[in-house]
Amino acid sequence: MVAPPVASSPLTNAEIAQRLAGMAQLLSAQGENPYKIRAYRRAAETIRGLGESIDEQVRADADLTRYAGIGKGIASALREIVLSGKLGQLELLMATVPPEVAELGDYPRLDPKRVLQAYKKLGIHSVPELKARLEKGEIGKMFGARMEQHFRNGLIETQAMLLDDADPLAASIQRFLLERCAAIRAETTGSTRRREETVSELAFVVETLGFPKLVESLARYGGGLKRLGADETSARFQLPAGITLRIEAAPASKWGVTMVATTGSERHLEMMDPAGARLARLAHGKTPYPDESSVYHAFGLALVPPELREGNDELELARRDALPKLVTLEDIRGELHAHTTSSDGALSIAEMAEAARERSYEYLGITDHSQSLKIAGGVSEEDLWKQIRLIDRLNEKLSGIRILKSSEVDILADGSLDYPDDLLAALDYTVCSIHSRFHLGKAEQTERVLRAMDNPHFTILGHATGRLLLKRTGYELDFERVIAHARAAGCFFEINASPDRLDLSPQNARLVAQAGIRIAVCTDAHHGRELDYLRCGIDVARRAGLEKQAVLNCLPLPRLLRAFRR
DNA sequence: GCCGTTTTCGGCCCGACTGTTTTCAGTCG
C-alpha cells in the first residue's frame, strides 16, 4: 500500500473553508447547478463554525459526514485538501476561467453573477476597480442600494453576524476555553452580553492560572486562529466565521470590575465614570470586587442589568434604586403571530397549538398571510371563513389552550387592509403588516400606515419598519407620527422576534413604551420550534427596558381579549 | 452535492408584481 502524501503544515478550518467557498464561487461563475453551488457554500459555512480541527480529523480518519452539509463528495474533497494541500477540481477550474473570475474565489460573499454583470456594464475587470467605483458611488447610482450593500458586504474583511447565530458559536468557544484551555471560569461579555442584535466581536472574560498558556491553547480553536494581538491580560483573534474574538483575563477577586468594564457600553461607562479613573482604581486596588453588584454598589448604584447598559436613563434609575423589573421568558402567556400550512407555515393549526401547549401557553393566535401575498400562500376570503369555523371546532375539543382567530393582514399600497371589514370583524384581532412597495417615500409610507390604523379592525402593527438585519434597512416611516396615531386609535405594536428582523428595534420599542402603548413580543413562527425565537424578542424587550406590564402577551386571556377591543 | 417519518431518486419553495423596463431581473414571505 502506498502511503498518502502528507502536507507540510496543518491547515486551519478557515483555510479549508476558503477552498470550498472558492469552489462554489467558480462553479457559480460558470453557471453550474445552483444546488451543487449551495452545497459547497453550506459545507464551507459549517466548517467555519466548527471548533474541532478538520485537519486533525482527516488525519485521524474520522467520519466527516456527521456534520450537516458534508456528504461523501465533500468529505473526500476535504481529505484531498488536507492530505495533498490542494483540491484538484479547484485547480482545474482556476486554470480554465479568466483571471477576473478566478479572483472571485477569494471573496466568497460576493455573488459572481452580480459582479460579472457590474464588470460588463462598467467595463472593468478586477475587484480593486470594483472597490474604487463603489467608493465613487457609481454602483449605487447604476444598480441601486441593494446591489451597493451586497458589494460592500462582500468586500469587507470582518462580517457581523446575527446574535442568534453568534450564541451557539459563543457556547462552543466557552466549552473550548473550559475543557481545552484550562480556564477556571469563562463568560461572555461585551455587546453580546448586552444582547445587541448583531455581533462583530465575541468577547470573553476568563479566570486562569496561566494566561499565556491559555492564549496558546485557544489559538488552536477551529484548527488554528489568526492572532490579531495580545498582551499580558488580553488577546484578540480572527474567527473563521468572519468576526473577531477577544479574551480578557481576570482574577476571581477582580471578576466583577472586569465584567463591568468589558460589558460596556462605552456610553454607559462614560456616564458612570467619566474619567475612567474610579473603575481603574477598583481594578488595581487591594479591595476585592468579585461580582458586579459590589462594583455598582461602590458607585452608589443598584446593579444594572447588562441589557440596559446603553447610556440612556439607567444610571439615574439605578441611583434611585428604581430600575425596571425587566420582562422575562416566563412572563409570556401566549403567542400572537404564528403561521400554519394554510399559508407558508410548516405545521397545521392543531400541530402549532400542540407546540404552544408544550410551552405552557394559554393562547396561540393563528396569523396566516392574507390573500394578496401570493408567494406566501395568502389565504383567500373563502378559506379564511373556513379557518374561522375550523378554529371554533378545535377550541371546543382542546383543553388548556385557546386558539385565537387572526390573520397577518397585508397593508395594501393605499393603506387599505387586505380583507373586507365583515371578515376582519369575525377575527379576535389582527396583525397588520407591510409586505410590498417598500420604496414609497417617507410621507407616503407613513400615510399608508396611518390610514391602515384608521380601520377599526387594525390591532397590532407587524414588523413596523420591515428591516432585515445585515441585509435590508427597511422602509422609511415617520415613526413619531405612527406612534401618536397608534396611541389615539388604540393600536399596538409588535417586537417581531425573528432573529433577522428584531423589529421593533430596542430604540423604537422604547419610544412606543414611553407613549404608553403595549407591545406584543411575537415570534412570527413558521414552525413549532420557531416559537422558541421568543428568547430573541425578549432580549429586545429587555433592552428597551420593558416590564411585563408593558407587554401585551403577558396578559391573561380575558384581559388580552378586552385589550383587543377598540 | 446533500438528504431521507415519500431513503438510493428526485427535490432542493416559489409566483405575481415592479420598474423607469426595453424584454427580464429583482423582490417580497
Side-chain angles (χ1 to χ4, degrees), chain A residues 19-21 23-28 30-47 63-78 80 87 89-90 93 111 113-118 120-121 139 141-151 337-347 351 367-380 407-414 418 431-440 445 462-463 465-468 471-475 496 498-501 503 522-527 530 533:
Chain A
R19 288 192 176 58
L20 295 187
M23 269 299 288
Q25 289 298 76
L26 298 191
L27 291 173
S28 170
Q30 294 211 315
E32 255 279 7
N33 175 2
Y35 298 111
K36 185 173 173 177
I37 296 162
R38 190 195 296 171
Y40 275 100
R41 288 222 170 101
R42 210 176 139 220
E45 272 319 298
T46 295
I47 291 171
D63 176 24
L64 298 174
T65 62
R66 69 179 193 278
Y67 295 119
I70 297 178
K72 269 178 151 182
I74 290 182
S76 86
L78 292 173
E80 188 191 342
L87 182 56
Q89 272 179 285
L90 179 59
L93 273 170
D111 173 10
K113 284 190 185 140
R114 291 201 224 183
V115 174
L116 295 177
Q117 186 195 349
K120 201 172 160 189
K121 272 208 173 174
I139 302 284
K141 246 183 240 162
M142 191 171 279
F143 302 101
R146 195 146 174 150
M147 280 281 265
E148 185 175 349
Q149 177 147 25
H150 172 76
F151 288 136
H337 187 163
H339 297 267
T340 73
T341 45
S342 298
S343 62
D344 59 348
L347 304 183
E351 287 166 331
T367 53
D368 278 304
H369 286 291
S370 61
Q371 52 189 345
S372 287
L373 203 63
K374 308 281 185 199
I375 179 121
V379 180
S380 69
S407 167
E408 183 175 11
V409 187
D410 261 51
I411 298 172
L412 302 179
D414 65 355
D418 198 18
V431 174
C432 301
S433 311
I434 284 180
H435 291 125
S436 61
R437 303 295 298 270
F438 277 36
H439 294 289
L440 291 182
Q445 200 71 280
H463 44 73
T465 72
R467 73 169 180 178
L468 289 181
K471 267 198 210 135
R472 184 176 78 192
T473 52
Y475 34 83
N496 189 297
S498 293
D500 62 344
R501 286 192 184 273
D503 180 11
C522 304
T523 66
D524 203 349
H526 285 67
H527 194 288
E530 291 182 4
Y533 286 155

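Numbered from 1 within each chain, the chains take letters A, B, ... in sequence-line order.
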#### Entry: Donor + acceptor pair across side chains of Asp524(A), His463(A) (<3.5 Å)
no

#### Entry: Rounded distance in Å - NE2 (His526(A)) to C1' (dC13(B))
12 Å

### Message
side-chain contact (heavy atoms from CB on, under 4.5 Å) for Leu90(A) and Leu20(A)? Distances and angles first, verdict last.
### Response
CA-CA 9 Å; Leu90(A) 179 59; Leu20(A) 295 187; over 6 Å; no

### Task
Assign Arg472(A) to base, sugar-phosphate, or nothing according to its heavy-atom contacts below 4.0 angstrom with the strands shown.
sugar-phosphate

### Separation of atom CE in Met23(A) from atom P in dC2(B), rounded to whole Å
11 Å

### Task
Pick the P atom in dT27(B) and in dT20(B), then give their distance to the nearest Å.
12 Å

### Task
Please list, chain by chain and in numerical order, all residues satisfying salt bridge (Lys or Arg N to Asp or Glu O under 4.0 Å) with Asp500(A), sequence neighbours excluded.
none

### With Glu351(A) via salt bridge (Lys or Arg N to Asp or Glu O under 4.0 Å) - residues at least two apart
none

### Message
Distance check needed: dG4(B) P versus Arg66(A) CZ, whole Å only.
### Response
16 Å

#### Entry: Between dC2(B) (P) and Asn33(A) (CG): distance, integer Å
12 Å

### Task
Check whether any side-chain N or O of Gln371(A) sits under 3.5 Å from a backbone N or O of Asp418(A) as a donor-acceptor pair, and report yes or no.
yes

### Query
Mapping Gly71(A) and Arg38(A) to their closest nucleotides on DNA chain B, which lands nearer the 5' end?
Gly71(A)

### Query
Do we see a donor-acceptor contact under 3.5 Å between the side chains of Ser372(A) and Asp410(A)?
no

### Task
Indicate, with a heavy-atom threshold strictly under 4.0 Å, whether Gln117(A) touches base, sugar-phosphate, or nothing.
sugar-phosphate

### Message
Base contacts versus sugar-phosphate-only contacts with protein, heavy atoms under 4.0 Å: please encode nucleotides 5-10 of chain B as B, S and - from 5' to 3'.
### Response
------

### Task
Determine the Euclidean distance between corresponding C1' atoms of dC12(B) and dT7(B); express it in Å to zero decimal places.
15 Å

### Task
Check if the side chain of Asp524(A) and the base of dG29(B) share a donor-acceptor pair of N or O atoms closer than 3.5 Å.
no

### P-based separation of dC13(B) from dC17(B) [nearest Å]
23 Å

### Separation of atom NZ in Lys121(A) from atom P in dT21(B), rounded to whole Å
9 Å

### Task
Please name all residues satisfying salt bridge (Lys or Arg N to Asp or Glu O under 4.0 Å) with Glu80(A), sequence neighbours left out, ordered by chain then number.
none

### Task
Report which part of the nucleic acid Ile70(A) touches: base, sugar-phosphate, or nothing (heavy-atom distance under 4.0 Å, all strands).
sugar-phosphate

### Query
Under 30°, 30 to 60°, or over 60°: which ring-plane class applies to His526(A) and His369(A), parallel, tilted or perpendicular?
tilted

### Query
Reckon Ala43(A) touches a base, only the sugar-phosphate, or nothing at all at heavy-atom distances under 4.0 Å?
nothing

### For Tyr67(A) against Thr46(A), the heavy-atom pair lying closest together
CB-CG2, 4.0 Å

#### Entry: Listed partners of Arg472(A) passing salt bridge (Lys or Arg N to Asp or Glu O under 4.0 Å), at least two apart
none

### Query
If we take the C1' atom in both dT8(B) and dG15(B), what is their distance in whole Å?
32 Å

### Query
Quick one: is dC12(B) close enough that its OP1 or OP2 comes under 4.0 Å of any side-chain N or O from Arg42(A)?
no

### Query
Please give, in whole Å, the distance from dC12(B) C1' to Tyr40(A) OH?
17 Å

### Query
To the nearest angstrom, how far is Leu78(A) atom CG from dC2(B) atom C1'?
14 Å

### Message
With a 4.0 Å limit, can you tell me whether Arg41(A) has a side-chain N or O closer than that to the phosphate oxygens OP1/OP2 of dC2(B)?
### Response
no

#### Entry: Between dC28(B) (P) and Leu440(A) (CG): distance, integer Å
12 Å

### Query
Expressed in whole Å, how much space separates the C1' atoms belonging to dG11(B) and dT6(B)?
11 Å

### Query
Can you tell me how far P in dA16(B) sits from the matching atom in dT21(B), rounded to whole Å?
25 Å

For nucleotides 16-20 of chain B, list the nitrogen or oxygen atoms of the protein found under 3.5 Å from its nitrogen or oxygen atoms, one pair per line.
none

### Task
Quick one: pull up CZ in Arg437(A) and CD1 in Ile411(A) and give me the separation to the nearest 0.5 Å.
14.5 Å

#### Entry: Nearest to side-chain heavy atoms of Lys36(A), which nucleotide of dG29(B), dG1(B), dC13(B)
dG1(B)

#### Entry: G-U wobble or Watson-Crick pairing nucleotide for dG4(B) (cut-off 3.5 Å, both distances)
dC9(B)

